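Note that the coordinates shown come from a computational prediction; the quantities given were computed from them, not determined experimentally. Protein chains get the first letters and strands the later ones, always in sequence-line order, with residue 1 at the start of each.
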Number of protein chains: 4
Amino acid sequence: MKYQKLLEQTYQEVQQIPQSGTVASYIPELAKVSSEHFAAHLCTVKGGSYSVGSYATKFSIQSIAKVFTISLAFEMLGDEVWQRVGVEPSGDPFNSLVQLEYENGIPRNPFINAGALVVADILLQLLDDPWEEFLFFIRKLAGNDRIAYNEKVVLSESQHGFKNRALVNLMKSFSNIRNDLDKVLDFYFHVCSIEMSCEELAKTFLIYARHGKCLLSDERVLAVRTCKRINAIMQTCGFYDEAGEFSFRVGLPGKSGVGGGIAACHPHKYSIAVWSPPLNPKGNSFKGMKFLELFTSKSELSIF
Amino acid sequence: MKYQKLLEQTYQEVQQIPQSGTVASYIPELAKVSSEHFAAHLCTVKGGSYSVGSYATKFSIQSIAKVFTISLAFEMLGDEVWQRVGVEPSGDPFNSLVQLEYENGIPRNPFINAGALVVADILLQLLDDPWEEFLFFIRKLAGNDRIAYNEKVVLSESQHGFKNRALVNLMKSFSNIRNDLDKVLDFYFHVCSIEMSCEELAKTFLIYARHGKCLLSDERVLAVRTCKRINAIMQTCGFYDEAGEFSFRVGLPGKSGVGGGIAACHPHKYSIAVWSPPLNPKGNSFKGMKFLELFTSKSELSIF
Amino acid sequence: MKYQKLLEQTYQEVQQIPQSGTVASYIPELAKVSSEHFAAHLCTVKGGSYSVGSYATKFSIQSIAKVFTISLAFEMLGDEVWQRVGVEPSGDPFNSLVQLEYENGIPRNPFINAGALVVADILLQLLDDPWEEFLFFIRKLAGNDRIAYNEKVVLSESQHGFKNRALVNLMKSFSNIRNDLDKVLDFYFHVCSIEMSCEELAKTFLIYARHGKCLLSDERVLAVRTCKRINAIMQTCGFYDEAGEFSFRVGLPGKSGVGGGIAACHPHKYSIAVWSPPLNPKGNSFKGMKFLELFTSKSELSIF
Amino acid sequence: MKYQKLLEQTYQEVQQIPQSGTVASYIPELAKVSSEHFAAHLCTVKGGSYSVGSYATKFSIQSIAKVFTISLAFEMLGDEVWQRVGVEPSGDPFNSLVQLEYENGIPRNPFINAGALVVADILLQLLDDPWEEFLFFIRKLAGNDRIAYNEKVVLSESQHGFKNRALVNLMKSFSNIRNDLDKVLDFYFHVCSIEMSCEELAKTFLIYARHGKCLLSDERVLAVRTCKRINAIMQTCGFYDEAGEFSFRVGLPGKSGVGGGIAACHPHKYSIAVWSPPLNPKGNSFKGMKFLELFTSKSELSIF
């Protein structure tokens, strides 16, 4: 019951904070979402499950899905994957071309757009039917076969994705993209279009807190090593150029998306997902970050 | 005994790796140190103490001391300190003036040179006799009154510190330095000149694993909050533009210095210090990083 | 006869200089050209015409054609054109995305690739049949209806133009491209594929030395104002990040292309074109620059 | 009489333009100057002399003096001088440290602050009594022994010169400063403190239009080569990051200063100086640039 109470208290406090974020509007499908939604869900490694708000409502997880693509690529390819994408924080806004140009088309990490596009390209090389197989993989992580792409979001992204198109072309000019550019973009847009509820997202992230073992089946779906590495990268790179701030205030490995979701975990303890669509100027959920900051302070459950 | 054995096994493995680093030579006093030294010392939160190599030999801890200055400044000034220095990784080499110029003289974090100079300036404002009081503070953290400045290193630094002089002047032009520039530099050079052995350094870092409480006296010398925040900043910013790599390979909050030392901790578990003077191209101890990587892999004792 | 002698003397001297450039190889069609070619042709405003080397051999004028696109766009649109492209030197390599990103998609000048792509986009808006009408325009400037596109070069460019594709997509994301991206690129590649001999190129550039009036017909084909402005931009931006060097050594407004051509003029006096395919590391004809430097020193015919 | 009439007409037109610049305030001595002053003076190579406004009032020529230091250094040292300072436009604001750091302490050109500091350092190496000898040199160029330093401006600059101090320290760290830093700065501040009236400045610049020969004595005081080279550098680098704009609008080699002065010349024709203290956002005299733009348009006396 401790967790439920903490979630509720935190929820009440966050409701008092005046909203100062704005819903992402760069693609029409995201702009339609009501800014009023709020949800949080927490899963403990031992099976506890707690929530507040509209925890069962699906939303576009967007960049959070990048955690799953790099997990799959790293599982399949091992350390070879780091020859084409780094593990350093970028220190620059999330779709910056600057570093890419100075650093010969090798993106800083798999969570900036450029890095996730390279990872998408890697998966296109590794998988026979990437669209189907990735969905199968994510359903396995989630223990849930109702996870799906949202084709409307895919269409919306692909009509407005000029910066992403600039990124793949630039990386292609450095030979760091191997597949047809339109295929890479289409797969990437599909990945980002995945929808989950906070409950589903927290359950999926539990894998990272449990170092790769499913709660129900006790089946290993990711290597221990994969989970440790991905957690480490989330810690330093999960929040664009606000990664330091998140580490400082919240103190958990995590990842945010422009849909307003944030997923995080405390290795060996719990996973948590929050959702509130309005974003702060750095592109992370304004109330989501506040919630997690208050929650880890209250609970003293940061990793530090 | 588990820890002692792990240290020894790791030590043997690291000795097999061909040295590829080079000892820092930008100041003559550091260039004199033999590249052959190696030491590691580990302290558990319950009082265990384990070592290999020349763990009792003193060396220049250099930038590791920046952990202590920001700790003191944060204890005294609270969150106000973050108005003058950030908590984000820099993504650039450690004494880069570029970001400083783009970001109006506010350094990215307290561990790059510019940030540590601002913290030195803050301490000059807060303390009556900064040189003496800081030494007293660090001796208290260390539980050891034999910690001292090395005046030869101070002199050597001050004769070659043109880049640091450029940094304080640039920040002064943005009004982010308040004291006489020569005083700021002199205090900063003293801070970096502090010498410790691996044993002393690990014991001092134990404070951060124990969230502020001394092992022997059980006295609180730092607030819980301070330790959590400093650990978080070490995690994202402790290794210049290799912070992501260290987080990825080692998975502990830590800080390195150009003297070849690295100190790290696992909150609630242990602290560890290693020393090997030759540095990799990013300015971090080549064998020190290898040692910690192997050690946390073997022991499965990273925070992730 | 003075000019002929000067050309010949300079030619002999330049032949003594060991070649240190390399022929552009980023597209196969350019890589095929022999590095042995050399030609120079000079036209005076009064009708004199002098040459050395293979002055009648056609080559790909590449970026030199950007002088003609901005001339046409400026004639048609007037100062409005500068709302979408600047007139400042870039200080960076010729296809850098960095500045474009910092400066909201407005390229520094019409001679870097990004700027020329915007100018191509502007012409697509202004002309009914841009491909035909631009060819007509350039034939009028040249007084010569044998000027044509080289479709093999177009094809070669379009198969390797990933950086240019990155540029148009990036500018589209800032709304500084209005037409279909493939059309913009195709038109741009056609423009760059134009072929001329040194004789033809020098005759075309005579327009800029004669402030817009044709030598033979005395017909005005460009406004005085256009020629002055374009000459000014060539002076500060005509040689990528070597514009200062060219101004310093040669002292004429001019423009180079990766095909190894350079065209320049001395307002009220003469125009000159040189061609030697091997490029220096900055992308300008190695021997072409040497030739012009020696020629203007000998002749004391720089504008300064 | 043609020139006098043109100056007067232009003067009247410029008076109609609403002032939108602001007087430089970074040092108190400059901030004191009335924003109402306006003056212009033109000298022809044949001895004509024409003026409007307060052409005999002295003002701080500031960066315009950098033309004279590089002229002297180049006369004495020849092309060796370009090993320590470049001739390329910077594309960045005038005291940017960014490029300096990326380019190993070699400033882009002698007209940005970093470049002028290196030139000051070179002169300290070449001259026995730089303060006196430089004054003697400038008096010889000017044909006028009433040119002097303003010690109040020197004092004011030295009390606020933190960015310049940052620059010399940074270049010292790259070994591109050889003398005592305080001496370099003091000499530099003296150079910038020189005062001239528009009449004196135009007469001094006549040397550059006459390729080194004094009007009255017909004595050669600068080599032809020096004048050509300096004119070329003024053309591409004389107006900070507005050099292209000045070239485009005015079309003369010239140099501006934060005191509100601009000096320019048309080789073989005339020199001109204007003065109006309020600066545009790029740091160049707002009305001074307008005046020169209108003047060269009306007179058709640009070099292009």
All salt bridge (charged side-chain N to carboxylate O under 4.0 Å, His left out) counterparts of Lys213(D), not counting sequence neighbours: Asp218(D)

Lys/Arg N to Asp/Glu carboxylate O, Lys298(C) vs Glu13(C), below 4.0 Å: yes

Report all side-chain donor-acceptor pairs from residues 263-273 of chain C shorter than 3.5 Å, counting only partners two or more places apart or in another chain.
{"residue": "His266(C)", "atom": "NE2", "partner": "Ser302(C)", "partner atom": "O", "Å": "3.2"}
{"residue": "Tyr270(C)", "atom": "OH", "partner": "Leu301(C)", "partner atom": "O", "Å": "3.0"}
{"residue": "Ser271(C)", "atom": "OG", "partner": "Ala202(C)", "partner atom": "O", "Å": "2.6"}

Chain C neighbours within residues 68-78 of chain D, where any heavy atom lies under 4.5 Å away: none

Heavy-atom donor-acceptor pair, Asn176(C) side chain to Arg84(C) backbone, under 3.5 Å: yes

Pairs under 3.5 angstrom only: tabulate donor-acceptor contacts from the side chains of residues 249-258 of chain D to other protein residues two or more places apart or in another chain.
{"residue": "Arg249(D)", "atom": "NE", "partner": "Glu245(D)", "partner atom": "OE2", "Å": "2.7"}
{"residue": "Arg249(D)", "atom": "NH1", "partner": "Glu293(D)", "partner atom": "OE2", "Å": "3.4"}
{"residue": "Arg249(D)", "atom": "NH2", "partner": "Glu245(D)", "partner atom": "OE2", "Å": "2.9"}
{"residue": "Lys255(D)", "atom": "NZ", "partner": "Gly238(D)", "partner atom": "O", "Å": "3.1"}
{"residue": "Ser256(D)", "atom": "OG", "partner": "Asn284(D)", "partner atom": "OD1", "Å": "2.6"}

Contact winner vs chain D - Gly244(C), Ser247(C), Ala243(C), heavy-atom pairs under 4.5 Å: Gly244(C)

Chain D contact via Ile233(C) - which portion, at a heavy-atom distance below 4.5 Å: side chain

Max heavy-atom pair count under 4.5 Å with chain C, selected residue of Phe304(D), Trp82(D), Tyr208(D): Phe304(D)

Salt bridge flag under 4.0 Å for residues Arg225(C) and Asp79(C): yes

Verdict with reasoning, Glu219(C) to Lys140(C), per salt bridge (charged side-chain N to carboxylate O under 4.0 Å, His left out): CA-CA 10 Å; Glu219(C) 191 201 346; Lys140(C) 203 170 66 177; 5.3 Å; no

